Amino acid sequence: MTSADMALPVQDERTMPAVVLRDLDQRPLEHALAELHALIEQYGYVVVLCSQATPEPVVRRLYTLRSLLESDRVAVFRPGLPPLGVAVLARQLRQLASCDLSPGVLASAGRLLTHYVHAGAVLGSVARLDRVPVGLKAHAKSWVPGSQFAVVAHPEPQLVKVAPGATLKGPEFSTWMLVAKGQLQTDWLTGLAKEWTSHGLRETPLPAESARWWGTGRVIEFCSYLADLSVLYQLVASVRQSTCHWCGLDVIGDLCVFCSATPPVHEPAAPRALDRRTPA
């Protein structure tokens, strides 16, 4: 991770601790280079997750470090999820890191598991929201004092005005819900968690990048996710593996996250449907 507030607490005793590459764009290049090289020497392979709201100087520094190391053992993964969703996905990969998965399969698992993350937010304004289509009517309502909007950005865009009876389409399998509160107050999410048949609702601090991603600091971000390691492992292990023709790593799906090569023979890692009663 590139930000400490995206390193969520461990889910269980098997979850690997997160490594935070702090202030990459502010520290001397040689210091950051030495840190990343040490991680490669210690673990063999490094997968860096960052959101699409991560400042560009940080992202450029990451690619600079990877280029200077001349290594295909560093992957930079920027999924199309809001910051809290990226943090949840990172923890899922940290859970899977304790299993018998090869580095290429573990890194590829991030692209697969993204399909099972439902991420959204309650916003005090959608005037600057550009991640989800917003109609003119919603833009006009966002100027009314006290208005709130509930938005799902992934897996499919949704937007409703928060009001009695308002709801959003959620996952068709059992999950936990994680909530990160910013400069906004609402009880609406408690009802949504029940409608989405979540096992429970947990809280965490709001990532600093959330305000940039959602276009406002008046935000409560939420994310519904699979928490059980056995379910995560079953999903990943059930997908056919192939070998990357460029770097030789075993991967799942149609892209090697480390070298960005496309295996010549593969089966797409389509998301598998989960039974609604699957434990989370």
Side-chain angles (χ1 to χ4, degrees), residues 1-4 6-8 10-22 24 27 29-52 54 58-81 85-115 117 229 232-266 269:
M1 308 300 295
T2 56
S3 177
M6 306 246 317
L8 297 177
V10 296
Q11 188 72 36
D12 52 50
E13 66 277 0
R14 293 186 59 178
T15 303
M16 299 292 290
V19 176
V20 181
L21 300 172
R22 302 175 186 270
L24 284 182
R27 288 190 293 153
L29 178 62
E30 58 270 21
H31 292 178
L33 190 66
E35 180 183 14
L36 188 55
H37 181 264
L39 289 174
I40 296 174
E41 291 296 310
Q42 181 177 358
Y43 296 105
Y45 292 83
V46 176
V47 181
V48 184
L49 269 78
C50 52
S51 82
Q52 295 181 0
T54 299
V58 175
V59 178
R60 287 197 300 269
R61 177 55 62 89
L62 276 172
Y63 283 108
T64 297
L65 294 171
R66 185 179 185 276
S67 179
L68 289 173
L69 289 170
E70 297 182 346
S71 174
D72 282 343
R73 292 191 290 169
V74 178
V76 180
F77 184 34
R78 303 183 72 188
L81 293 170
V86 175
V88 165
L89 180 64
R91 184 167 62 184
Q92 290 176 328
L93 294 181
R94 288 159 50 199
Q95 289 178 265
L96 288 168
S98 65
C99 302
D100 58 342
L101 299 174
S102 66
V105 171
L106 178 63
S108 304
R111 301 179 69 223
L112 173 66
L113 296 179
T114 299
H115 293 287
V117 175
L229 175 58
L232 296 173
Y233 181 81
Q234 182 182 10
L235 283 171
V236 176
S238 65
V239 179
R240 182 177 177 179
Q241 299 182 16
S242 58
T243 301
C244 176
H245 68 94
W246 182 259
C247 65
L249 290 176
D250 290 332
V251 298
I252 58 176
D254 58 357
L255 180 71
C256 177
V257 181
F258 283 101
C259 71
S260 299
T262 302
V265 179
H266 68 273

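Remember, predicted model here, so these are calculated numbers, not experimental data.
Remark: side-chain polar atoms of S67 are not paired, donor with acceptor, to backbone N or O of Y63 under 3.5 angstrom. Side-chain atoms of R111 never come within 3.5 Å of backbone atoms of V257 as a donor-acceptor pair (strictly under, hydrogens ignored).
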From CA spacing to verdict: side chain to side chain contact (heavy atoms under 4.5 Å, CB included), V74, L65: CA-CA 9 Å; V74 178; L65 294 171; over 6 Å; no
Worked verdict on H37 versus E41 for side chain to side chain contact (heavy atoms under 4.5 Å, CB included): CA-CA 6 Å; H37 181 264; E41 291 296 310; 3.6 Å; yes
Evaluation steps, side chain to side chain contact (heavy atoms under 4.5 Å, CB included), between R78 and V59: CA-CA 10 Å; R78 303 183 72 188; V59 178; 3.6 Å; yes
Side chain to side chain contact (heavy atoms under 4.5 Å, CB included) evaluation trace for L106 with V47: CA-CA 9 Å; L106 178 63; V47 181; 6.0 Å; no
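The two residues P103 and F258 make their nearest non-hydrogen contact at O-CE1, 3.5 Å. When every heavy atom of V105 is checked against every heavy atom of L101, the shortest pair comes out as CG1-CD2, 4.1 Å. Nearest heavy atoms, M16 versus A97: CG-CB, 3.6 Å. Scanning both residues, L24 and R61, for their nearest heavy atoms gives O-NH1, 2.9 Å.
Side-chain contact check for L89 versus P79: some heavy-atom pair is nearer than 4.5 Å. Two residues are said to be in side-chain contact when any heavy atoms from C-beta on lie closer than 4.5 Å; S242 and V251 meet this criterion.
For the atom pair CG of L62 and OG1 of T54, the computed distance is 8.5 Å after rounding to the nearest 0.5 Å.
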